[in-house]
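Every number for a ligand or one of its atoms is a count from 1 in the order of the listing.
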Amino acid sequence: MRALVYTGPNTLEMADVPEPVPNAGESVVEIEAVGICGSDQHAYHGTDPRRVPPLILGHEAAGRVISGPMEGERVTINPMVTCGTCRYCIEKRENLCPDRSLLSIPPREGAFAQRVAIPPENLVVVPEGVPLAHAALAEPLACGWHALRLAANSFVRPIGDARLVVLGGGAIGLGTALAALVYGIKDIWISEPNPARREMLAEAGPFQIYGADEEGPDDGTVPLVVDAYGSEASRTTSTRLAAPGGVIAHIGLAGGGAGLDTRRMTLQEITFFGTYTYTNDDFRATAQAIFDGRFGDFSWIEERPLEDGAQAFIDLDARSVRAAKVVLKP
Ligand SMILES: [Zn+2]
Ligand SMILES: [Zn+2]
């Protein structure tokens, strides 16, 4: 089959590779749409020690099952494979499973390819009429969905009443803002330095968008801050913005370390939590919300052939892509 193979730092090549070999009971899915994730870009730059070349990247995928259980179904893929038997899996917190594996992290090859093998428990049937390019984005959207569900647990009042500021308007930031609409939040702000991206965000939903030198919400007035960068600077901003009794959800992975004003957080009882991916239930709920049209019209995606995937990574590096998400079509 054809696949876009990561062969070394900043190098992707289309190549003929062996067909995926399903483990016992697994399905093989013919991929029709697969999103490029920020983590794919990190891997491409050679900065992800878990993803060693040669490797097929890509984990935000949808397609049609061509063999094994669910043959013939159109599906979106939950790329996180977990053991199902550990304490976390039994508690339905599968994202914390110590044996979790993900498409595109060895030993599992990724979905920038014509076909991929995956357990049928990880497949969600997509209704006819829902484009697979939209269904493929259940994965990144589920990350924001999960963050908001955890945040809601920390609130005294209904989360829908809260003002939300999202720091960073990439796919995870925008996905969180779109998920917030589904949660009933109306007062949503997104901070994004890239002007082309700000334009795109303004069209994607009823959000207030602001850049680095533009006026945003006042310090100390925001009950819910989602940090979709996870850098020292964004953590500093998060703690400044948070209202007394507020909540900061830290979802970005730009760099560990400093930035939090822990004295202010202590005196003002600000809750801070890290949030990683999604549970199986979050994934299914997000997929259902996509199918029901609750994530809108996906005007913020751009589709390209998988054959042109290497160029898409170059364009993303050059910041010449306006869309929040590039979806490749094998
Ligand atoms: Zn992703
Ligand atoms: Zn487990």
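Leu132 places none of its side-chain heavy atoms less than 4.5 Å from the side chain of Arg64.
Within a 6.0 Å radius of CD in Glu214, other residues, nucleotides and ligands contribute more than 12 heavy atoms.
With the Zn ion (ligand 1) as the vertex, atom SG of Cys37 and atom NE2 of His59 span an angle of 100° (nearest 10 degrees). Note: angle at the Zn ion (ligand 2), from SG of Cys86 to SG of Cys83, is 110° (rounded to 10 degrees).
Within the coordination shell of the Zn ion (ligand 1), defined by N, O or S atoms under 2.8 Å, Glu60 is present.
With Asp317 contributing its side chain and Ile314 its backbone, the two residues share no donor-acceptor pair below 3.5 Å.
The minimum distance between the Zn ion (ligand 1) and any N, O or S atom of Glu139 involves atom OE1.
Taking the centre of each ring, Phe283 and Trp145 stay at or above the 6.0 Å mark.
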